[in-house]
Amino acid sequence: MRIATWNVNSITARLPRLLAWLESSGTDVLCIQETKCAAEQFPYDQLRELGYEAAVNATGRWNGVAVISKAGLEDVVTGLPGGPEYEGVQEPRAVAATCGPVRVWSVYVPNGREVGHDHYHYKLQWFEALRQAVAEDAAAERPFAVLGDYNVAPTDDDVWDPTVFQGLTHVTPAERAALAGLRDAGLADVVPRPLKYDQPFTYWDYRELGFPKNKGMRIDLVYGNAPFTKAVGDAYVDREERKGKGASDHAPVVVDLEL
DNA sequence: ATGTCGGGGAAGCCCCGA
């Protein structure tokens, strides 16, 4: 079974590439982030033609997540139970589903904007709600993983130049402690292979030639429980998908499970 | 080869978010 996560930065803008990639990669389950469209505008029909069902949590121009699967789609949960609000709303940043033998969350963790910003505190609260939401599945026998754009680089090796990130979000001890909280809950970081260079970056800013200069970050993560990580045969970043016109600023992370 | 992109409201540019 091939399972993947990809921040597509607008499913509308990315649809031709998304459909082509689903076919060429043979992905069974894809966790999508930043759909940037209302659920009513979600391309259910085009995905169904390729054999995928979809569980969607999306409200409009910002955020939006989905799980698409051709391995079954059951027990959908939309949003983090008891999740925090930002400016009075629970932003659409999480959706869970069981896809055949595996249960997944697709998550788009709040960016945080700046250290100390209201959105940064929201980010930390959001992580705490996530930790509580996944505790039971993390401890269970069934393969389980939380896949998505975490907006946190787990270590200094996960950014192209740690000195550039001093004092910025994505690398602070509090954000990394939130990841440690997930590990304490029984989840482990499934680190993918890079297909080029040494570090498995998953995101390169559109600005200032980030991708050609490999000024990247590893912020799209797969955190799996022991039954999940035991089944991992391979994991890699499909950086080919970051190339060329019409690319997202994130590349898919692909995990092959022997299930 | 590549020095940003995407959405939306408004209006043919500007703002926001990343």
Side-chain angles (χ1 to χ4, degrees), chain A residues 5-21 31-43 46 56-66 84-94 106-127 147-154 158-161 164-172 175 178 194-197 201-221 237-253:
Chain A
T5 182
W6 191 10
N7 179 325
V8 295
N9 187 18
S10 169
I11 197 167
T12 310
R14 215 63 57 212
L15 194 60
R17 285 185 77 130
L18 171 63
L19 297 175
W21 185 80
C31 294
I32 300 174
Q33 300 84 37
E34 283 208 82
T35 60
K36 287 186 170 176
C37 77
E40 308 82 66
Q41 265 74 56
F42 193 85
Q46 292 95 323
V56 176
N57 183 8
T59 54
R61 68 188 294 196
W62 306 126
N63 314 308
V65 290
E85 295 183 345
Y86 185 72
E87 294 182 342
V89 287
Q90 271 205 38
E91 298 173 332
R93 296 180 173 277
S106 175
V107 298
Y108 178 46
V109 177
N111 172 288
R113 311 226 173 119
E114 293 169 22
V115 176
H117 193 285
D118 281 351
H119 207 256
Y120 178 79
H121 299 301
Y122 173 60
K123 181 178 195 173
L124 297 177
Q125 291 165 0
W126 201 92
F127 263 121
L147 303 93
D149 179 353
Y150 281 65
N151 272 317
V152 179
D158 295 311
V159 297
W160 55 277
D161 183 355
V164 170
F165 289 85
Q166 298 264 347
L168 301 183
T169 61
H170 294 57
V171 301
T172 64
E175 289 165 283
L195 295 186
K196 190 179 179 184
Y197 306 120
F201 295 149
T202 65
Y203 162 82
W204 300 260
D205 201 307
Y206 284 128
R207 292 167 287 193
E208 298 171 343
L209 289 174
F211 184 62
K213 293 180 176 171
N214 200 34
K215 293 183 172 181
M217 306 172 74
R218 185 171 77 93
I219 55 176
D220 298 273
L221 308 177
V237 182
D238 188 358
R239 74 186 299 283
E240 294 301 308
E241 201 48 47
R242 181 61 180 78
K243 293 183 178 179
K245 200 166 174 56
S248 170
D249 42 1
H250 296 251
V253 177

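All heavy atoms count here, side chains included; hydrogens, waters and symmetry mates do not. Per chain, numbering begins at 1; letters A, B, ... match sequence-line order.
- With sequence neighbours excluded, no residue forms a side-chain hydrogen bond (donor to acceptor under 3.5 Å, both in side chains) with A/Thr169.
- Note: A/Trp160 and A/Phe165 have perpendicular aromatic rings, judged against thresholds of 30 and 60 degrees for the angle between ring planes.
- Residues A/His250 and A/Thr5 are not in side-chain contact: their nearest non-hydrogen atoms beyond the backbone lie 4.5 Å or more apart.
- Atom-to-atom, CG of A/Asn63 to C1' of B/dC16 comes out at 13 Å; the value is rounded to the nearest Å.
- Backbone-only engagement by A/Arg14 is indicated by non-hydrogen atom pairs under 4.0 Å involving sugar-phosphate atoms exclusively.
- If you measure from atom CG of A/Leu209 to atom P of B/dG3, you get 6 Å, rounded to the nearest angstrom.
- With sequence neighbours excluded, the residues satisfying side-chain contact (heavy atoms from CB on, under 4.5 Å) with A/Ala38 are A/Glu40, A/Gln41.
- The nearest whole Å value for the distance from the CG atom in A/Asp249 to the C1' atom in B/dG3 is 15 Å.
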Table of protein N/O atoms under 3.5 Å from nucleotides 7-12 of chain B N/O atoms:
residue	atom	partner	partner atom	Å
B/dG7	OP1	A/Ser10	OG	2.4
B/dG7	N2	A/Arg61	NH2	2.8
B/dG7	N3	A/Arg61	NH2	3.1
B/dG8	O4'	A/Arg61	NH2	3.4

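- If you measure from atom CG of A/Asn7 to atom C1' of B/dG17, you get 12 Å, rounded to the nearest angstrom.
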Show me the donor-acceptor pairs within less than 3.5 Å that the side chains of residues 208-216 of chain A make with the rest of the protein, sequence neighbours left out.
residue	atom	partner	partner atom	Å
A/Asn214	OD1	A/Trp204	NE1	2.9

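- Mapping A/Phe211 and A/His250 onto DNA chain B via the closest heavy atom, the residue that lands nearer the 5' end is A/Phe211.
- Atom pair A/Trp204:CH2 and B/dC5:C1' shows a separation of 16 Å (rounding to whole Å applied).
- Put simply, CD on A/Glu91 is 13 Å from C1' on B/dA18, counting in whole angstrom units.
- Here A/Ser10 pairs with A/Thr12, A/Ala13, A/Lys36 under the side-chain contact (heavy atoms from CB on, under 4.5 Å) rule; sequence neighbours left out.
- Going from the C1' atom of B/dC14 to that of B/dA10 covers 9 Å, rounded to whole Å.
- Residue A/Lys243 contributes atom NZ, which lies 15 Å from atom P of B/dT2 at whole-angstrom precision.
- For the pair A/Lys213 NZ and B/dA1 P, the computed distance is 17 Å after rounding to whole Å.
- Among the atoms of the strands shown, none is found under 4.0 Å from any heavy atom of A/Tyr203.
- The nearest heavy atom of DNA chain B to A/Tyr206 and to A/His119 marks one nucleotide each, and the one closer to the 5' end goes with A/Tyr206.
- Taking side-chain N and O atoms only, A/Arg207 has no distance below 4.0 Å to OP1 or OP2 of B/dC5.
- By the ring-ring contact (aromatic ring centres under 6.0 Å, His included) test, A/Tyr86 pairs with A/His119, A/Tyr122, sequence neighbours left out.
- If you check B/dA18, B/dG3, B/dC5 against the side chain of A/Arg93, the one that comes closest is B/dA18.
- Comparing B/dC16 with B/dA11, their P atoms are spaced 16 Å from each other, to the whole Å.
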